[in-house]
Amino acid sequence: MKTMTTPMRRMINTAIVYFALAMCAGIFYREFTKAFAYTGPTPLKAVHAHLLILGMLLFLVLALFCQNNPQLTDCNSFACFYVIYNISLPIMALCLLTRGVLAVEHATPNRIVDATISGIAGLSHIGLAVALILLFVAIKRRMPVESSDQQDCTAHRS
């Protein structure tokens, strides 16, 4: 059995934080809608799922990658991914939370507030996309190449 590496521990700790946030979001959704006797659709429901899947699940999978390939986190593109992703995902969750609270309270934001929320949400989605591209670059750069593949590549070049 392999011991837990520092990068693996970091990914698991990040997953735990997103798990805690997702549970809090789920409880907030249930209690807030109950307090307002609200039964309609609301973006509040999505906050819980987004934090569980895009937060906890992604970092648990990355922990498994780090177990077999601990040098993955040494890549600059991985460091950029980690920072950008962990800024963008909470911002996206806050935008969903804001939209959900407004829906439950039957509040209609003015055009400026509505456009601001949409703009911030859009920027957070762009940040997530950039971060995921950086993650794929890091994985491609740090994945070990099998020796038989190397031999095949050199044979084709000759």
Under 4.5 Å between side-chain heavy atoms, counting indirect links through other Ile/Leu/Val/Met/Phe/Trp/Tyr residues: same cluster for Val61 and Phe81 or not? yes

CG of Leu94 to CG of Leu89: how many Å apart, nearest 0.5 Å? 9.5 Å

Taking every heavy atom of His48 against every heavy atom of Ala22, the minimum-distance pair comes out as ND1-O, 2.8 Å

What distance separates Met56 CE from Leu21 CG, expressed to the nearest 0.5 Å? 12.0 Å

Walk me through it: do Val113 and Asn110 pass the test side chain to side chain contact (heavy atoms under 4.5 Å, CB included)? CA-CA 5 Å; Val113 172; Asn110 65 34; 3.3 Å; yes

Please give me the minimum heavy-atom distance between Ile12 and Ala63, naming the atom from each residue. CG1-CB, 3.7 Å

My understanding is that only one of Ile117, Thr108, Thr42 makes a side chain to side chain contact (heavy atoms under 4.5 Å, CB included) with Leu102; could you say which? Ile117

Taking the side chain from His125 and the backbone from Ala121, do they hold a donor-acceptor pair closer than 3.5 Å? yes

Heavy-atom closest contact (Val47 atom, Ala93 atom, distance): CG2-O, 3.9 Å

Could you tell me whether a side-chain N or O of Ser118 sits under 3.5 Å from a main-chain N or O of Ala115, the two making a donor and an acceptor? no

Hey, quick one: are Val83 and Ile91 part of the same hydrophobic cluster, counting side-chain heavy atoms closer than 4.5 Å, chains of contacts allowed? yes

With a 4.5 Å heavy-atom cut-off, do Thr73 and Met11 have their side chains touching? yes

So, taking the atom named OG1 in Thr39 and the one named NZ in Lys34, what distance separates them when rounded to the nearest 0.5 Å? 14.0 Å

Side chain to side chain contact (heavy atoms under 4.5 Å, CB included) assessment of Leu52 paired with Met23: CA-CA 8 Å; Leu52 268 179; Met23 294 301 107; 4.1 Å; yes

Got more than 12 heavy atoms from elsewhere within 6.0 Å of CG, Asn13? yes

How close do Leu96 and Pro43 get, counting heavy atoms only, and between which atoms? O-CB, 3.7 Å

Should Ile139 and Val130 be regarded as members of a common hydrophobic cluster, given that ILVMFWY residues are connected when their side-chain heavy atoms come within less than 4.5 Å of each other, either directly or indirectly? yes

Work out which heavy atom in Leu44 is nearest to a heavy atom in Phe28; give both atom names and the distance. CD2-CE2, 3.9 Å

Mind jotting down which residue pairs meet the salt bridge (charged side-chain N to carboxylate O under 4.0 Å, His left out) criterion with at least one end in residues 110-132? Sequence neighbours excluded, please. Arg99-Asp114

How far apart are the closest heavy atoms of Leu128 and Met92, and which atoms are they? CD1-SD, 3.7 Å

Taken to the nearest 0.5 Å, the spacing of Leu58 CG from Leu132 CG works out to 7.0 Å

With sequence neighbours left out, write down each residue that passes ring pair (Phe, Tyr, Trp, His ring centres under 6.0 Å) with Phe36, or none if nothing qualifies. Phe32

Mind checking whether Leu72 and Pro7 have side chains closer than 4.5 Å, heavy atoms only? no

Would Leu60 and Leu64 count as a side chain to side chain contact (heavy atoms under 4.5 Å, CB included) if you check the C-alpha gap in whole Å, the side-chain angles of each, and the deciding distance to 0.1 Å? CA-CA 7 Å; Leu60 285 177; Leu64 294 174; over 6 Å; no

To the nearest 0.5 Å, how far apart are SG in Cys75 and CZ in Arg141? 5.5 Å

Aromatic ring pairing Phe78/Tyr82, orientation class (parallel under 30°, perpendicular over 60°, tilted between): parallel

Set of residues satisfying ring pair (Phe, Tyr, Trp, His ring centres under 6.0 Å) with respect to Phe19, sequence neighbours excluded: none

Once you round to the nearest 0.5 Å, how far does CG of Leu135 lie from CD1 of Ile84? 11.5 Å

Short question: side chain of Tyr85, backbone of Leu54 - any donor-acceptor pair under 3.5 Å? yes

